[in-house]
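Computed from a predicted model, the values in this text were never measured in an experiment.
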Amino acid sequence: MLSSCDCATAANSVLFLRRIGTVALLFILASLSWFVLYKAGETIGFKIPDSLTSHAPRVFFFIPPSPPLPPPSDTQENKLEKVLKDAAMEDKTVILTTLNEAWAAPSSVIDLFLESFRIGNHTRELLNHLVIIALDEKAFSRCLVVHTHCYALVSEGVDFSKEAYFMTHDYLKMMWTRIDFLKGVLEMGYNFVFTDADVMWFRDPFPHFYKDADFQIACDHFLGNPEDVENRPNGGFLFVRSNNRSIEFYKFWYTSRETYPNLHDQDVLNNIKYDSFIIDIDLKMRFLDTTYFGGFCEPSKDLNVVCTMHANCCFGLESKLHDLRVVLQDWKIFLSLPPTLKRSLPPSWRVPQNCSLDSLHLYAPPLENVIQENVEQ
């Protein structure tokens, strides 16, 4: 048992600890009050005399650091730079196409375009360098589903989502928006192959580009000489190297829309290609042979060498889709032929059909006839 003395000692110890705790609590509360009063005085411009603050208890508080500010939102140029950098070849060359809602729907133009890369000779890997420029929100959403490199180029107050019929206001606006955009790509230091999405890719075109040309473009009609300005160019397929000459040319091309109002970019090009400005800036312009870069206006005669096939000289989306599907079927049939048959009887296309123009003539027997004749033999 504890003695009465031991109990008294324990009681005194407890009382002493309670007093120390009370004093400590009062000290902390006083310090907090003083700190709050001091800060409040600073806020309203009242300065507490140093004589008072010098004797105030010093209490140190841990103030957590402010969270970092969110990074500034990317500008359109920064977003484009990232997409181009991710897609570019070692020499800063990219492949570009534009897309709107009308061409982005499932089983529409974009699906046929991408399929041609997948079934072409050494073209699948080129998809790694393709950037799809979406002209409206639905086209951008569809791009994200079917491809890796997508960029949204949405213009305020302009609706590019529907099919833009040739030479309508929307069509002209779309074409000139494209020229202005491509000028910007050159200014960022990137070379580009621009291709309409209705151009089917069957072989790697780069071996057939001219090494010394700044600007080279496919033709509706090719006259045989790549330097002849009388060739009829088509802006749906071209290769441009980024340098001072090409940048100045694109600026000139874009501003020339004011000199030739109500004309689309291709017709303006047909006017300015004779201008002395081209000579003054020493731009090396070349026109691509339809043997390798054909179209419905002037189809390539030989599937053994063709690189691209463009659904030009065609009016209406349904007609275009029909004939593009025939083009892909013709290519698949050609790939299935034995090598000897491909070389001895080079087949041609069964197009144009729905896109047919009165002035357009096929240069070889249709592919079906070639196959049937050899089966009968």
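- For the pair Thr195/Thr308, no side-chain contact is recorded, criterion being any heavy-atom separation below 4.5 Å from C-beta on.
- Residues Val229 and Ile278 are not in side-chain contact: their nearest non-hydrogen atoms beyond the backbone lie 4.5 Å or more apart.
- Remark: Asn225 engages Glu227, Asp228 in a side-chain contact (heavy atoms from CB on, under 4.5 Å) (not counting sequence neighbours).
- In plain terms, the two heavy atoms of Gly224 and Asn231 that are nearest each other are N-OD1, 4.2 Å.
- For Lys320 against Ala311, the heavy-atom pair with the smallest separation is NZ-O, 2.8 Å.
- Interatomic distance, NZ of Lys284 versus CG of Asn243, reported as 9.0 Å (0.5 Å rounding).
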Phe252/Phe249 under ring pair (Phe, Tyr, Trp, His ring centres under 6.0 Å): CA gap, chis, key distance, verdict: CA-CA 5 Å; Phe252 178 57; Phe249 171 68; 7.1 Å; no
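- A donor-acceptor pair under 3.5 Å links the side-chain atoms of Ser246 to the main chain of Arg241, judged by distance alone.
- Glu298 contributes no side-chain N or O that, together with a main-chain N or O of His221, makes up a donor-acceptor pair within less than 3.5 Å.
- Checked against side-chain contact (heavy atoms from CB on, under 4.5 Å), Thr123 has the following partners two or more places apart in sequence or in another chain: Phe117, Leu126.
- Taken from CZ in Phe296 to NE2 in His310, the straight-line distance is 9.0 Å, to the nearest 0.5 Å.
- To the nearest 0.5 Å, the span separating CD on Gln266 from CD1 on Ile179 amounts to 10.0 Å.
- Side-chain contact check for Val240 versus Leu182: every heavy-atom pair is 4.5 Å or farther apart.
- Residues Asp196 and Arg178 are paired through a salt bridge, judged by an N-O separation under 4.0 Å between the basic side chain and the carboxylate.
- For the atom pair CZ of Phe222 and CG of Leu288, the computed distance is 8.0 Å after rounding to the nearest 0.5 Å.
- The minimum heavy-atom distance linking Pro299 with Met309 is given by the pair CB-CE, 3.9 Å.
- The side-chain heavy atoms of Phe334 and Asn304, taken from C-beta on, include a pair separated by under 4.5 Å.
- Under a 3.5 Å cut-off, the side chain of Arg142 and the backbone N or O of Ala139 do not form any donor-acceptor pair.
- Residues Tyr292 and Ser300 are not in side-chain contact: their nearest non-hydrogen atoms beyond the backbone lie 4.5 Å or more apart.
- Atom CG of Leu153 is separated from atom CZ of Phe181 by 6.0 Å, given to the nearest 0.5 angstrom.
- The SG atoms of Cys314 and Cys355 sit under 2.5 Å apart.
- In this structure, Lys251 pairs ionically with Glu248, as a charged nitrogen and a carboxylate oxygen lie closer than 4.0 Å.
- No side-chain heavy atom of Phe277 sits under 4.5 Å from any side-chain heavy atom of Leu283.
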Phe209/Arg286 under side-chain contact (heavy atoms from CB on, under 4.5 Å): CA gap, chis, key distance, verdict: CA-CA 9 Å; Phe209 291 144; Arg286 298 292 181 268; over 6 Å; no
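- For the pair Leu303/Phe202, no side-chain contact is recorded, criterion being any heavy-atom separation below 4.5 Å from C-beta on.
- A donor and an acceptor atom, one from each side chain of Asp136 and Asn100, are nowhere located under 3.5 Å apart.
- Here the closest heavy-atom approach between residue Val94 and residue Leu84 is recorded as CG1-O, 3.8 Å.
- Residues Ser116 and Val199 approach most closely at OG-O, 4.4 Å, considering heavy atoms.
- Residues Ser319 and Asn354 have side chains that never bring a donor and an acceptor to within less than 3.5 angstrom of each other.
- With rounding to the nearest 0.5 Å, the separation of OG1 in Thr98 from CD1 in Ile110 is 9.5 Å.
- A donor-acceptor contact shorter than 3.5 Å links the side chain of Trp331 to the backbone of Ile119.
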Derivation and outcome, side-chain contact (heavy atoms from CB on, under 4.5 Å), residues Phe140 and Ile132: CA-CA 8 Å; Phe140 183 65; Ile132 297 177; over 6 Å; no
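- Heavy-atom neighbours of Lys138 NZ from other residues, nucleotides or ligands within 6.0 Å: at or below the threshold of 12.
- Residues Val109 and Val145 fall within the same hydrophobic cluster, defined by Ile, Leu, Val, Met, Phe, Trp and Tyr side chains chained together at heavy-atom separations under 4.5 Å.
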Full working for side-chain contact (heavy atoms from CB on, under 4.5 Å) between Leu335 and Asn121: CA-CA 10 Å; Leu335 292 178; Asn121 287 342; 4.1 Å; yes
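- Following chains of ILVMFWY side-chain contacts shorter than 4.5 Å, one cannot reach Ile133 starting from Leu144, and the two form parts of different hydrophobic clusters.
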Derivation of the side-chain contact (heavy atoms from CB on, under 4.5 Å) call for Phe287 and Leu223: CA-CA 9 Å; Phe287 299 90; Leu223 303 179; over 6 Å; no
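- Ionic pairing of Arg325 and Asp323 is not present here: no N-O contact between side-chain nitrogen and carboxylate oxygen is shorter than 4.0 angstrom.
- Side chains of Phe239 and Pro205 form no contact here, defined as non-hydrogen atoms less than 4.5 Å apart.
- Under the 3.5 Å distance criterion, the side-chain polar atoms of Gln216 are matched with a main-chain donor or acceptor of Tyr210.
- In this structure, the side chain of Asp265 does not engage the main chain of Met175 through any donor-acceptor pair within 3.5 Å.
- Note on Arg350 versus Asp330: salt bridge recorded, some NZ/NE/NH1/NH2 to OD/OE distance being below 4.0 Å.
- Listed for the Arg203 side chain is a donor-acceptor partner under 3.5 Å among the backbone atoms of Val306.
- A donor-acceptor pair under 3.5 Å is formed between the side chain of His147 and the backbone N or O of Leu130.
- Closest approach of Tyr190 and Ser242 over heavy atoms only: O-CB, 3.5 Å.
- Ser141 contributes a side-chain N or O that, together with a main-chain N or O of Glu137, makes up a donor-acceptor pair within less than 3.5 Å.
- In this structure, Asp86 contributes its side chain and Val83 its backbone to no donor-acceptor pair below 3.5 Å.
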